[in-house]
Student: 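Have a look at this one before I ask anything.
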Amino acid sequence: MTETIESAAQDGDRQRPRAGRRPRIHRAWIVAAVTFVTIIGGAAFNSLPGLLIDPLHAEFGWSRGEIGLAVSIDLALYGLTAPFAAALMDRFGIRRVVAAALTMVAAGALASVWMTASWQLMIYWGLLVGLGTGSMAMAFAATVTNRWFVARRGLVTGVLTAAGASGQLVFLPLCAWIVSEHGWRPASVTVALAALVVVPLVWLLMRDHPADVGLAPYGGVYVAKPAPARGAARRAVKVLFDAARTGPFWLLAGTFAICGASTNGLIRTHFVPSAHDHGMPITAAASLLAVIGVFDVIGTIFSGWLTDRFDARRLLAVYYALRGISLLFLPMLMAPDVRPPMVFFIVFYGLDWVATVPPTLALCREQYGDDSAIVFGWVLASHQVGAAVVAFLGGVARDVFGTYDVVWYASGALCAVAALMALVIRRVSAAAAEARAGSTAADGT
């Protein structure tokens with residue numbers, strides 16, 4: 001079976017389809033499905049750190065600050081690798097980069113089973129997993145969508161964005177049950193296997209470009225595969241330096257850093273151990289966190305609809321203000337069991353989780369035109385750096401104060417600052433914004 005698939009793919013590599021030969025299912029949908037599964041497999045590890053803080057602290061005596069530092073290295077590398085991931089895929093191909101990334105995630109998760117010192121946690125969780133997951137960040141989904149689809153790009157982008165949330169929904173309850181019943185090592189092995197299982201699918205079914213199998217992109221016309229791009233990384237750095245000379249970049253990066261701090265760095269990393277401090281079972285807390293993954297898809301889609309109709313700056317201000325208020329109330333909602341106020345918080349936080357993405361993207365397009373995609377890559381990097389800082393400081397605060405309450409209050413105050421920062425982003429004139437949008441559309445970016 002494997003030989004048949006590989007042979008068919010190689011035959012397709014050498015010829016364009018003849019007139020009248022139309023596959024029943026366009027290969028683009030197969031590539032999109034493999035991408036969806038790959039993102040889920042890569043997202044499996046993101047479900048794990050928050051579940052293992054207490055078990056690792058209990059077994060090795062490592063402080064929560066040390067464990068949080070490993071998570072922060074992972075989050076920081078995820079963000080800092082993302083701007084260069086597209087360049088790596090252009091240079092070496094999607095299939096090679098993604099297969100190597102999945103292998104790195106699996107290696108880091110599996111090697112942690114035998115670790116005995118906290119520095120090993122930094123290398124396995126921080127370095128290996130951070131570089132691996134960073135290579136499969138938003139650039140992966142964007143690259144697949146741009147190359148394989150002309151029609152249905154919005155739909156495919158939305159579905160692939162939801163893959164991370166779907167992975168959280170699948171793996172959080174599963175890993176929580178494994179940790180509770182069998183310990184943290186089997187959970188880490190499960191995550192490693194989830195990444196490894198996807199590697200053969202990527203290698204057999206993923207292709208870098210429609211021309212590799214003699215096809216046009218879905219809804220488009222046949223184009224020859226371009227030569228491997230060179231200088232893409234250099235351009236990413238140049239765009240960063242150019243954008244860094246402008247005020248809006250720092251305001252966007254600052255607000256998105258606070259976004260990452262209050263989501264990935266705070267809730268995803270520290271919600272489960274904080275709830276466990278109040279007597280809630282790990283499985284119950286993890287299930288609540290998984291529910292966020294359901295509602296963040298709904299919230300993102302609705303936020304995109306609102307962004308088309310309202311001022312993106314004001315939307316961001318509202319999102320951050322409401323998020324900050326909810327965090328101020330969270331310490332009062334913690335209890336040994338799941339109660340209606342906590343369920344309301346989880347639903348609300350899920351709706352607000354990545355609702356900030358559409359208006360932030362819109363402001364990047366408005367401010368930076370053709371360079372907006374690269375600028376957003378660096379703004380996303382700031383998101384992960386913010387998450388990394390709070391993942392570490394949240395653990396330190398728990399060690400020092402014996403409670404997470406101060407972390408919730410401080411994060412609520414930061415969200416208030418983000419709301420004010422969003423409001424002071426200068427507006428671009430309608431004529432200038434339209435000219436930039438037109439230029440972007442003409443370039444196909």
Side-chain angles (χ1 to χ4, degrees), residues 42-78 104-133 168 171-195 264-290 334 387-404 407:
F45 180 83
N46 293 331
S47 306
L48 201 57
L51 302 176
L52 300 193
I53 290 178
D54 285 341
L56 291 178
H57 174 71
E59 178 171 337
F60 296 106
W62 300 334
S63 71
R64 290 173 176 83
E66 286 180 289
I67 300 169
L69 179 59
V71 179
S72 72
I73 294 171
D74 164 43
L75 292 171
L77 286 177
Y78 178 99
M104 290 178 72
V105 172
L110 194 59
S112 67
V113 171
W114 293 282
M115 65 186 175
T116 56
S118 60
W119 65 265
Q120 295 170 324
L121 183 69
M122 312 297 173
I123 293 176
Y124 302 151
W125 278 22
L127 183 63
L128 289 177
V129 175
L131 290 174
T133 54
Q168 178 175 304
F171 284 100
L172 258 174
L174 174 62
C175 290
W177 177 82
I178 293 173
V179 170
S180 178
E181 298 295 324
H182 303 287
W184 67 269
R185 286 181 176 83
S188 193
V189 172
T190 300
V191 167
L193 292 177
N264 291 350
L266 182 66
I267 298 294
R268 180 170 287 170
T269 305
H270 295 294
F271 176 80
V272 171
S274 178
H276 191 55
D277 282 349
H278 290 79
M280 184 179 292
I282 289 178
T283 50
S287 297
L288 287 174
L289 199 55
M334 292 291 184
V389 170
V390 171
F392 170 61
L393 293 181
V396 172
R398 172 62 177 80
D399 291 331
V400 172
F401 299 106
T403 176
Y404 281 102
V407 182

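What you see is a predicted model, and the numbers here were worked out from it, not measured in a lab.
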Student: Please say which of Leu56, Asp54, Val400 ends up in a side-chain contact (heavy atoms from CB on, under 4.5 Å) with Arg64.
Tutor: Asp54
Student: With no hydrogens and no angle check, is any side-chain donor or acceptor of His276 less than 3.5 Å from a backbone partner on Met280?
Tutor: yes
Student: So how far is it from Leu52 CG to Ile282 CD1, rounded to the nearest 0.5 Å?
Tutor: 8.5 Å
Student: Give the intermediate values and the outcome of side-chain contact (heavy atoms from CB on, under 4.5 Å) for residues Thr133 and Met104.
Tutor: CA-CA 9 Å; Thr133 54; Met104 290 178 72; over 6 Å; no
Student: Does Ser72 reach the main-chain N or O of Leu69 with its side chain, forming a donor-acceptor pair under 3.5 Å?
Tutor: yes
Student: With side-chain contact (heavy atoms from CB on, under 4.5 Å) as the criterion, how do Thr269 and Ile53 come out once you've worked through the C-alpha distance, each side chain's angles and the decisive distance to 0.1 Å?
Tutor: CA-CA 9 Å; Thr269 305; Ile53 290 178; 4.0 Å; yes
Student: Under 3.5 Å, which donor-acceptor pairs link side chains of residues 115-129 to any protein atom two or more places apart or in another chain?
Tutor:
unit_1: Ser118; atom_1: OG; unit_2: Glu66; atom_2: OE2; d: 3.1
unit_1: Gln120; atom_1: OE1; unit_2: Thr116; atom_2: N; d: 2.5
unit_1: Gln120; atom_1: OE1; unit_2: Ala117; atom_2: N; d: 3.0

Student: Give me the atom names and distance for the closest heavy-atom approach of Ala195 to Val105.
Tutor: CB-CG1, 4.3 Å
Student: For the backbone of Gly65 and the side chain of Asp399, can you confirm whether one donor and one acceptor N or O come within less than 3.5 Å of each other?
Tutor: yes
Student: Distance-only check: which donor-acceptor pairs under 3.5 Å involve side-chain atoms of residues 173-182, not counting sequence neighbours?
Tutor:
none

Student: Indicate yes or no: at least one non-hydrogen side-chain atom of Met334 is less than 4.5 angstrom from one of Tyr404.
Tutor: no
Student: Show which side-chain atoms of residues 388-398 pair as donor or acceptor with protein atoms under 3.5 Å away, not counting sequence neighbours.
Tutor:
unit_1: Arg398; atom_1: NE; unit_2: Asp277; atom_2: OD2; d: 2.7
unit_1: Arg398; atom_1: NH2; unit_2: Asp277; atom_2: OD1; d: 3.3

